[in-house]
K.L.:
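Here it is, the structure in full.
A, B, ... follow the sequence lines: proteins, then strands. Residue 1 opens every chain. For clarity, every value in this text was computed on a predicted model and none was experimentally measured.
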Amino acid sequence: MPYEVVIGLEVHAQLLTASKLFCGCSTAFGAAANTQTCPVCLGMPGVLPVINGKAVEFAIRTGLALNCTVAPMNRFARKNYFYPDLPKGYQISQYELPICEHGWLEIGHNGTPKRVRIRRAHLEEDAGKNLHQGIAGASHVDLNRAGTPLLEIVTEPDMRTPDEAIAYLKMLRDILVYLEVCDGNMEEGSLRCEPNLSLRPVGSPTLGTKVELKNINSFKYAKAAMEYEIKRQTKVLDEGGTLVQETRLWNPEKKETAPMRSKEEAHDYRYFPDPDLVPLHISKEWIEQIRGTLRELLDARKNRLKEQFGLSDYSVDVLASDKKFLEYFEKCAAEDKSGLSKIEVGKELANCITIEFRGLARKMNSRAGFEQSNTPLPLRHPDSSEYGEIWQGTLIPAKNLMELVAMKLRGEISGPIYKAVLEEMFFSRGKTASEIIEAKGLTQVSDEGSLEKFIDEVIAKNPQQVEQYRGGKEAVYGFFVGQVMKASGGKANPAKVNELLKRKLTQ
Amino acid sequence: MEITQKEVEHVAKLARLDIGEDEKGTFARQLSAVLTYMDQLKEVETAGVEPTTTVLPAVNVFRDDVVRPSLPREQALANAPEQSEGFFSVPRILEDR
């Protein structure tokens, strides 16, 4: 039977505060075991937690970027369970009133924009770390991590393939890193993802039994675990079996998932409001102030672009108007191996993306019958599939664009050829500049014999202009260059033309 | 509201309480009495009344994000029944990988 895969993601992001969520212990990674604890995070009797204002600010900042509603009223709840890495016997979390709700992220997987709804994002404290390896008959507990602030971000079950889930995960990580609220390091556990996955017969409106996957510390494992789970569940269902709702751990050595033995008798966490913490009221003013810091982050990024690449205000504004544009630019610049100066490369690249692309996008839009948009960088109608592809670099991979730009900068191709090749790259999907130049016979003409032939023709055809030039009217010079380039079909090496033309005209 | 002996056992297990057979009946009776009183409270008209989350008058008490010295490891571990190489040592956890 054909099944539809339904995936939701729970992501725990460690917030980049210097101190823990409810006490002043350091959150630095890699310190000697149990050297970053105090009576509060050790759960000693009589202590009182006080919330870290920065963590709240980071949660709001993230919520705004994820299009969430920020709750004006917040309180914290105790999630009760016993585990060696949880000294208090409860985790301080948020239950019925999460700080952020009802958001969404638009992923552009395979070029088709798709909205993944975010159900909630709430603040909670992390637990300690358990170590088992190489210890006989015991487990070791390090409580340095206990009390570190986490933002748990939960989606609705909106994803239909592991690739979509990975696209969401990558985008979320990029945003968290961009917002400077999380370092996004999956290996060190500062970003943890737990996919929920279920199958249902195609067309069925009800959700199947879901399995929660844990122990995933890379995008690669996330994908592999989900793919394994789809195969496993398909097999169980095809054989007429039933699935159990459970948590399964990914085993990277065996490349399979296995059920985790139940932590608790039941998922009975007996949540109740934490009486040690006072309510948290978030005013509109505070939210607006944080929205302002989002703009500051953007300004910092703009300034960096100006300094690093010497870009104009126009280019920077256009590029910074959407994170996607900026990222594509940076991706391309990162591919630069031309040895040219960053400023030279940056300028040409920015011109290409903000100006050339625009013209090409108009062509694409009108070909597809879309209305022309007035956004600074329309690049195809947002409803069309190519829109996403451009910015993800699947239409013109960053490496390919950089190759073309470097060719132009090194004078290996003339302006007209550059434009022609760029257009071809836009519409041909995936072809490199060299391939196009080769296939279309656009290789630059540099040999003097051929160039002289073009020049001689132009001079012979335009005696009047030759007269003017020789008479001191140097402005006509550009006319000759243009004519020679035209005669060569744009293939003439501009530097060589320059050299030969000057010689011939003054003869 | 009636609490059964079985529910007492369940709650005791969740709370890691070791209670004797003879106590179960007592606790069931006492818990039932508490919950019956709660049922009585439920009869009070509370529409339009904000739920009480705290009895303190304060809201928004924040701590600055400043690192303060932690306890020396010896002190952090001082109350641990077992310790080893700077870690709390606990009976082997089987649930994890």
K.L.:
Just checking B/Y37: does its OH atom have more than 12 heavy atoms from other residues, nucleotides or ligands closer to it than 6.0 angstrom?
P.N.:
no
K.L.:
When you look at NZ of A/K54, are more than 12 heavy atoms from neighbouring residues, nucleotides or ligands closer to it than 6.0 Å?
P.N.:
no
K.L.:
Once rounded to the nearest 0.5 Å, what's the spacing between atom OG of A/S283 and atom CG of B/N60?
P.N.:
8.0 Å
K.L.:
Tell me, which pairs form a salt bridge (Lys or Arg N to Asp or Glu O under 4.0 Å) where one or both residues lie in residues 69-84 of chain B, sequence neighbours left out?
P.N.:
none
K.L.:
Say you draw a straight line from OG1 of A/T27 to CG of B/D65; how long is it, rounded to the nearest 0.5 Å?
P.N.:
7.5 Å
K.L.:
Can you check side chain to side chain contact (heavy atoms under 4.5 Å, CB included) on A/F82 and B/L14, steps first, answer last?
P.N.:
CA-CA 8 Å; A/F82 288 97; B/L14 287 177; over 6 Å; no
K.L.:
Locate the shortest heavy-atom distance separating B/F87 from A/A33; write the atom from each residue and the value.
P.N.:
CE2-CB, 3.5 Å
K.L.:
With heavy-atom distances below 4.5 Å as the criterion, would you say the side chains of A/P84 and B/I93 are in contact?
P.N.:
yes
K.L.:
Between OG of A/S19 and CG of B/D64, what distance do you get to the nearest 0.5 Å?
P.N.:
9.0 Å
K.L.:
Quick one: pull up CG in A/D268 and NE2 in B/H10 and give me the separation to the nearest 0.5 Å.
P.N.:
4.5 Å
K.L.:
Is B/S89 reaching over with its side chain to a backbone N or O of A/H140, donor-acceptor style, under 3.5 angstrom?
P.N.:
no
K.L.:
Tell me, side chain or backbone of A/L21 under 4.5 Å from chain B's heavy atoms, or both, or neither?
P.N.:
backbone
K.L.:
Check the surroundings of atom CD in A/E288: do more than 12 heavy atoms from other residues, nucleotides or ligands lie under 6.0 Å from it?
P.N.:
yes
K.L.:
Report the residues that fulfil side-chain contact (heavy atoms from CB on, under 4.5 Å) with A/V278, sequence neighbours left out, ordered by chain and then residue number.
P.N.:
B/L56, B/A58, B/V61
K.L.:
In terms of heavy-atom pairs under 4.5 Å with chain B, which of A/K20, A/R75, A/H281 leads?
P.N.:
A/H281
K.L.:
Could you work out, with side chain to side chain donor-acceptor pair (under 3.5 Å) as the rule, every residue matching A/Y95, not counting sequence neighbours?
P.N.:
none
K.L.:
Which region of A/C23, side chain (C-beta onward) or backbone (N, CA, C, O), has a non-hydrogen atom less than 4.5 Å from a non-hydrogen atom of chain B, or is it both or neither?
P.N.:
backbone
K.L.:
So for A/A32, is it side chain, backbone, both, or neither that comes closer than 4.5 Å to the heavy atoms of chain B?
P.N.:
both
K.L.:
Measure across B/S70 and A/T35 and return the closest heavy-atom pair with its distance rounded to 0.1 Å.
P.N.:
CB-O, 3.4 Å
K.L.:
Among residues 18-30 of chain B, which residues come closer than 4.5 Å to chain A, judged by heavy atom distances?
P.N.:
none
K.L.:
State the CG-CD distance between A/N34 and B/Q75, to the nearest 0.5 angstrom.
P.N.:
13.5 Å
K.L.:
Yes or no on side chain to side chain contact (heavy atoms under 4.5 Å, CB included) for A/L42 and B/F88, after CA distance, side-chain angles and deciding distance?
P.N.:
CA-CA 11 Å; A/L42 287 172; B/F88 293 90; 4.1 Å; yes
K.L.:
Between B/V11, B/N79, B/V59, B/L77, which shows the greatest number of heavy-atom pairs under 4.5 Å with chain A?
P.N.:
B/V59
K.L.:
Any idea which of A/P39, A/G89, A/A18, A/C38 has the most non-hydrogen atom pairs under 4.5 angstrom with chain B?
P.N.:
A/A18
K.L.:
Is there a side-chain contact between B/V67 and A/C25, using heavy atoms and a 4.5 Å cut-off?
P.N.:
no
K.L.:
Any sub-3.5 Å donor-acceptor pair from B/R68's side-chain atoms to A/G24's backbone N or O?
P.N.:
no
K.L.:
Do B/R63 and A/I51 make a side-chain contact, defined as non-hydrogen atoms from C-beta onward lying under 4.5 Å apart?
P.N.:
no
